[in-house]
Structure formats: C-alpha cells, structure tokens
Amino acid sequence: MGIKDLLRFMKPYVELIHIKKYAGKRVGIDAYSWLHKGAYSCSMELCLNLEGDKKLQYLNYFMHRINLLRHYKITPVVVFDGGNIPCKASTEHERHRRRKANRDLAMAKLNEGEASAATELFQRAVSITPSMAHQLVQILKTEKIEFVVAPYEADAQIAYLSSLEAEKGGIVAVISEDSDLLAYGCPTVVFKMDRYGNGEEIVLDKIFDSVARVPSFRHFDRELFIGMCVLAGCDFLSSVPGIGIAKAYSLVSKYQNLDRVLSILKFEKGNRMPEDYSKSFREAVAVFQHARVYDPDSKRLIHIKPLPQKLLQSLNEELDFLGPEMPPSIATAIADGNLDPTTMEAFDLFQNSGIHLNHSTSIQTSDPLLRQEDIAISTTQESSFTVICSNERIRVTEQKPILEERKYLNEAVALKKLLFPLKDKTAEENKTVPDKLPPKAPDNNPFRKRKFEEVQLDQKDSVTEQVSAVTVVEDSEILCTTPESQESVNSKFIKMNDGEKRGKNRKLRRSSCQSSENKKSSILNFFSRV
DNA sequence: CCTGGGTATAGAT
DNA sequence: TATACCCAGG
C-alpha cells in the first residue's frame with residue numbers, strides 16, 4: 001500500500017512525537033487504517049458474520065483512539081475512502097483475490113477443527129465492508145465527531161483538507177499509515193501512532209528545506225517528488241522492473257525533469273519497459289496532483305489543484321481516470337455518509353435504527369417534500385425529469401438558487417458515468433481486469449457493496465417497517481436523490497416520471513414501490529422491502 | 001549498491 | 001494484512 005519503500009527511504013526525516021503537540025488543533029484521521037486494525041480483534045466474527053457484540057469490537061477500538069485524541073483536546077476529523085479510481089483497479093483486484101483465498105483456507109481449517117489456524121487466516125481475510133464503515137459513521141454522528149466520505153481516495157481528500165484553513169474545515173496534520181499522503185502533498189503526517197499517542201511525524205517542508213540530511217530534496221519540487229514516488233511504484237502503477245525507490249530518487253535527482261527521466265528510462269530499459277508506461281506514468285502523477293475531492297465549503301467536487309490548460313489538452317480533455325465527475329447532490333450525499341459511493345445505493349438505516357439517536361435539532365421540523373423550494377425538478381424533452389430534494393432546506397436553496405434543465409441533464413450524464421464507468425475505454429484499457437463487469441467494489445473499500453446475505457441478516461432484526469432500496473436500470477437519464485440527513489429512516493431516493501405531480505411526492509415516499517412505466521429512461525428504481 | 005523475494009512479527013483481547 | 005528485516009543475485 002502506498003509508495004513502495006518510501007517510509008524507509010524517508011527515515012532521516014521522521015521525528016518521534018506525541019500527538020498532544022496538536023492540542024487545540026484539528027487533525028485528520030484516515031479511517032481505513034484504524035478500521036482495519038480494529039478488525040483484527042474480531043476478524044472471525046466479521047468474516048463469518050456471527051451474531052453478537054464481539055464483532056462490534058472494531059468500533060470500540062476506533063472510538064478508543066478518538067477518545068485519546070479528545071483527551072488531548074484535539075479535534076478529530078475522520079476521512080473515509082469513497083469509490084475507486086480506474087487506475088487502482090488492478091491493485092484492488094489483487095487484494096480481493098488474496099483475501100478470498102485466505103477466507104476459503106480459513107473455512108477449511110475451521111471445518112477440520114483447527115481453530116487457531118483458522119483465526120490466523122481469518123485475520124488475513126478481513127475486509128472493511130460498507131456496513132462496518134457506515135456503522136462507524138452512525139457513532140461518529142451521535143458523538144458529534146466530524147467526518148467526511150471522500151468521493152474517491154481518502155488520501156486525496158485528506159491532502160485537500162490539509163490545505164484549508166481551520167475555519168473552512170481544514171486540518172493541520174493527519175494520522176495515517178499510508179505513505180501516499182506525502183505524494184499527495186500533505187504537509188504533516190503522523191505515521192504509526194500507537195495507543196498512547198506516540199507516532200512518527202514527517203513534515204513535508206522539512207524534506208524540501210533540509211540542508212544536512214540525506215537523501216537531500218533541496219532541488220526537488222512537488223512534481224519531482226511525486227515523480228519519484230510513481231517511479232518507485234504506487235497503487236496506480238507498479239514500477240519498471242529494476243527500479244526501486246533509490247533508483248527513482250537518483251534518476252529524478254540527476255535529470256530534474258520527469259520527461260527526461262522517462263526518455264532515459266525508455267532508452268535504457270528498451271523492451272523491458274511496458275508499452276504504455278509513459279501514459280500511465282503521466283496519469284498517476286496527475287492523480288496525485290489533481291485528484292477529485294469534495295469541497296466542504298462549496299459542497300461539490302473539485303480538483304485538489306486545478307488542471308492547467310496544457311495538461312487538459314495533452315489528456316484530450318479525458319479526465320475519467322481521476323474517477324468520473326459527479327453532481328454536487330451526489331457528492332454531498334456521499335460525503336455525508338448517506339450514499340454508498342461504490343454502489344450508489346442509499347444506506348438503509350435498518351441496522352442502526354434501534355440504537356441511533358436523534359441529536360440534531362434543526363432537522364425534521366417540517367416535511368421537506370412538501371415544500372416546493374426544496375424540490376428541484378427538471379424536465380427533459382422526453383418523458384423523464386430529475387428530482388433533487390433535501391430536508392436541509394436552506395442549504396439546498398442556497399446551493400441551487402436557479403434550477404436549470406441543462407444543469408440536471410449534466411448531472412444525469414455524470415451519474416451515468418459513475419454507474420457504468422467501465423463502458424469507458426479508458427477504464428477498460430487500464431490494466432488487466434479480467435472481467436468487463438461494472439466496477440467491482442474492491443474488498444478493502446469500506447463502502448464495498450454489501451453481500452446479499454448481509455443485507456438479509458440486517459433485515460431480520462429490523463424494527464422499521466419499510467426501507468427503500470435502489471437499483472440501477474440501464475440507459476438512464478433520471479437522477480434523483482435526497483441527500484437527507486441521518487435521522488430519517490424513510491426513503492432516501494425519489495424517482496418520478498413525467499406527468500406525476502409534485503403533490504404526489506409524499507405518497508411516493510411512503511409507498512416506495514413504484515412500477516416503472518418508463519424503464520428505458522429511468523436510472524433508479526425503488527421498491528420496498530417489508 | 002539495489003531490487004525483489006522470502007520470512008518474521010506486530011497488532012487486537 | 002502490511003511492514004520490517006535479511007539475503008541472494010544482478
């Protein structure tokens with residue numbers, strides 16, 4: 001994970017610190033690393049989805065650490081991973097494959113009665129499911145801990161937050177295990193924080209400023225540093241055979257220019273170089289520089305750093321390798337933890353409806369669906385239109401003072417891309433993904449689509465009578481979502497066809513089983529599970 | 001000297 | 001799992 005051997009290479013730049021030095025400050029947390037560590041303690045329970053409290057142990061682990069931070073008067077900001085970007089697909093597939101193999105082995109051992117061997121294997125098979133992440137989100141909400149779900153890479157989101165002022169949601173440092181953060185340009189990262197708050201800190205500026213230390217990066221800039229990272233091998237692109245972190249460093253150091261490094265490399269390696277390495281290299285560098293992130297201030301997707309016109313042209317305006325564009329309403333719903341970023345399904349709150357407490361006073365004072373200004377409707381010339389609504393009325397009206405058809409048409413196109421990214425050739429040609437199926441959510445992604453069995457299990461215990469599920473129907477033009485806040489257990493999506501009046505909204509919402517006259521043009525279809 | 005593959009071990013309770 | 005460390009071959 002991350003940049004191969006980067007942390008070892010950067011050893012001279014680590015300083016042992018205690019997190020109390022960030023007292024009074026906002027600090028970002030890479031949720032994935034703590035979730036994963038926490039899952040060790042209950043890996044078998046999680047893998048087998050056993051009943052009982054044991055499998056919630058990972059939540060204790062996480063909250064323990066959160067409380068450690070709070071004890072030192074630090075304000076934690078938890079950042080979750082979102083969807084996957086195309087160029088990471090092969091890494092994810094490999095992980096998924098390995099975990100599955102381990103799980104199968106574990107099951108075999110278990111059947112043979114070798115419990116200890118089995119638990120060991122289960123530990124290698126744990127993956128963080130969307131359900132787990134979502135459960136944590138519920139707790140964070142009741143504990144009033146700030147969090148955000150990144151549209152794609154959590155690392156990119158963290159890097160972006162690091163660049164913001166505290167007043168705008170910024171953070172001064174981040175706790176993580178992932179060396180990618182340095183490539184993304186995070187100014188301060190604390191690695192390997194233990195349960196007492198001791199950790200290893202790396203400050204990016206010190207890397208570039210240091211005079212005495214070896215390796216020296218005094219003649220490096222951000223781009224060269226990223227180039228070195230990509231050359232050494234990262235999640236988006238594995239390194240050219242024979243090139244490791246040290247070689248990567250000396251190449252970049254010597255030529256001071258990534259294009260020159262590439263051509264030298266091509267010259268020296270000849271046919272040992274992958275055919276499309278240069279292109280992939282450029283894209284990987286561009287991901288670190290210009291990844292798509294959620295901007296909490298404007299509540300929409302932006303680039304970590306805007307793309308220069310020149311780069312845009314050289315990429316033929318094709319940016320989907322960064323992960324497809326998505327409309328603000330979707331990005332917000334994802335960021336707030338209401339929408340699964342890999343499946344685009346609304347999270348159902350079944351599993352949590354019993355324990356979840358309503359702590360927010362400003363919400364649900366009225367039925368938002370009855371208020372005209374909360375509902376954005378845009379008709380296409382055909383027979384469908386878009387509904388966007390939210391029960392956070394003010395936010396929505398501010399965000400979209402004028403509702404234009406065009407805008408929602410664009411949203412529909414964007415959503416379509418999100419849902420069928422592999423129809424895109426850029427994604428297809430990118431690496432050796434064996435099947436051509438729609439984006440398989442990788443195993444280690446916290447929002448990986450939940451297994452069918454899991455869903456059924458959840459339903460069993462539920463108290464609520466009704467929840468809406470969302471499925472995807474092909475060839476769609478309608479987009480609808482209610483980025484509703486956490487408290488509502490009612491429908492999170494609403495779809496309407498032409499001819500249906502706004503007054504019907506409430507009815508729709510309650511009887512979420514809607515027969516779709518117009519399947520051809522509908523993207524989201526709702527039915528109720530009772 | 002570097003890379004890359006192999007192996008040991010932490011990390012949870 | 002993923003990271004650290006060690007050693008062999010280039």
Side-chain angles (χ1 to χ4, degrees), chain A residues 1-11 14 30-47 50 52-66 68 81 91-106 115-129 132 136 155 175-182 189 191-200 202 214-215 228-229 231-235 238-254 265 268-270 272-273 442-446 448:
Chain A
M1 200 166 166
I3 313 299
K4 195 154 176 283
D5 286 330
L6 183 63
L7 288 186
R8 198 170 46 81
F9 197 65
M10 290 295 168
K11 240 347 185 300
V14 286
D30 181 7
Y32 179 75
S33 59
W34 286 2
L35 274 173
H36 207 275
K37 284 185 178 177
Y40 279 115
S41 56
C42 47
S43 52
M44 182 159 82
E45 288 74 12
L46 286 169
C47 284
L50 301 178
D53 290 347
K54 178 81 188 289
K55 75 172 173 191
L56 299 179
Q57 196 62 45
Y58 68 94
L59 296 171
N60 283 335
Y61 177 93
F62 201 104
M63 293 315 290
H64 253 281
R65 299 209 154 196
I66 290 288
L68 175 77
D81 267 302
T91 307
E92 301 293 2
H93 274 266
E94 176 62 16
R95 284 178 189 164
H96 182 254
R97 199 188 55 73
R98 284 226 288 268
R99 270 193 270 257
K100 190 175 187 307
N102 279 314
R103 207 197 59 208
D104 292 346
L105 272 172
S116 66
T119 42
E120 198 172 304
L121 287 163
F122 275 128
Q123 289 183 349
R124 303 177 183 196
V126 248
S127 59
I128 306 305
T129 64
M132 290 165 69
L136 176 59
D155 303 340
I175 299 168
S176 173
E177 307 297 313
D178 196 343
S179 53
D180 278 341
L181 288 167
L182 296 174
V189 190
F191 296 100
K192 306 187 219 299
M193 195 195 83
D194 68 14
R195 77 183 100 169
Y196 308 109
N198 302 302
E200 303 181 354
I202 294 185
V214 182
M228 177 192 79
C229 291
L231 283 170
C234 63
D235 287 349
S238 47
S239 68
V240 175
I243 304 292
I245 186 73
K247 286 265 179 67
Y249 168 79
S250 67
L251 279 169
V252 173
S253 212
K254 185 169 174 188
L265 217 48
E268 284 181 358
K269 295 286 170 179
R272 290 230 40 146
M273 280 271 280
D443 226 5
N444 75 334
N445 190 302
R448 184 181 60 93

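So that the names make sense, note that chain A is the first sequence line, chain B the second, and so on, each numbered from 1.
- In this structure, CZ of A/Arg124 is placed 12 Å from P of C/dA2, rounded to the nearest angstrom.
- Straight-line distance from the CD atom of A/Gln123 to the C1' atom of C/dA2: 13 Å, rounded to whole Å.
- Between A/Thr119 atom OG1 and A/Arg124 atom CZ the span is 11.0 Å, to the nearest 0.5 Å.
- One atom, CH2 of A/Trp34, and another, C1' of B/dG11, lie 15 Å apart when rounded to the nearest Å.
- Out of B/dT13, B/dG4, B/dT3, the shortest distance to the side chain of A/Ser239 is found at B/dG4.
- In this structure, A/Lys247 atom NZ and B/dT3 atom P are separated by 5 Å, rounded to whole Å.
- Set against B/dT13, B/dC2, B/dG4, the side chain of A/Ala246 has B/dC2 as its closest nucleotide.
- Here the side chains of A/Asp81 and A/Ile128 are not in contact, with every heavy-atom distance at 4.5 Å or above.
- With B/dA12, B/dT13, B/dG4 as the choices, the nucleotide that has an atom nearest any side-chain atom of A/Gln57 turns out to be B/dT13.
- In this structure, A/Arg8 does not reach the C/dC6 phosphate: none of its side-chain N or O atoms is under 4.0 Å from OP1 or OP2.
- A/Arg65 comes within 4.0 angstrom of the backbone, heavy atoms only, and of no base.
- Between A/Lys192 and C/dA4 there is a side-chain N or O to OP1 or OP2 distance below 4.0 Å.
- As a whole-Å value, the separation of A/Tyr58 OH from B/dT13 P is 15 Å.
- With hydrogens and angles ignored, the 3.5 Å screen pairs a side-chain donor or acceptor of A/Lys269 with a backbone N or O of A/Pro241.
- Rounded to a whole Å, the CD1 atom of A/Ile243 is 18 Å from the P atom of B/dC1.
- If you find the closest nucleotide of DNA chain B to A/Tyr40 and to A/Ile245, the one lying nearer the 5' end belongs to A/Ile245.
- Under the 30°/60° scheme for interplanar angles, the aromatic rings of A/Tyr40 and A/His36 are found to stand perpendicular.
- For the pair A/Glu45 CD and B/dT13 P, the computed distance is 13 Å after rounding to whole Å.
- In this structure, A/Tyr61 reaches the sugar-phosphate backbone alone: every heavy-atom distance under 4.0 Å involves primed, P, OP1 or OP2 atoms, never a base.
- Mapping A/Leu7 and A/Glu120 onto DNA chain C via the closest heavy atom, the residue that lands nearer the 5' end is A/Glu120.
- Sequence order on DNA chain B of the closest nucleotides to A/Asp194 and A/Asp5 puts A/Asp5 first from the 5' end.
- Summarising the geometry, the separation between NZ on A/Lys4 and P on C/dT3 is reported as 12 Å, rounded to the nearest angstrom.
- Side-chain atoms of A/Arg272 never come within 3.5 Å of backbone atoms of A/Gly242 as a donor-acceptor pair (strictly under, hydrogens ignored).
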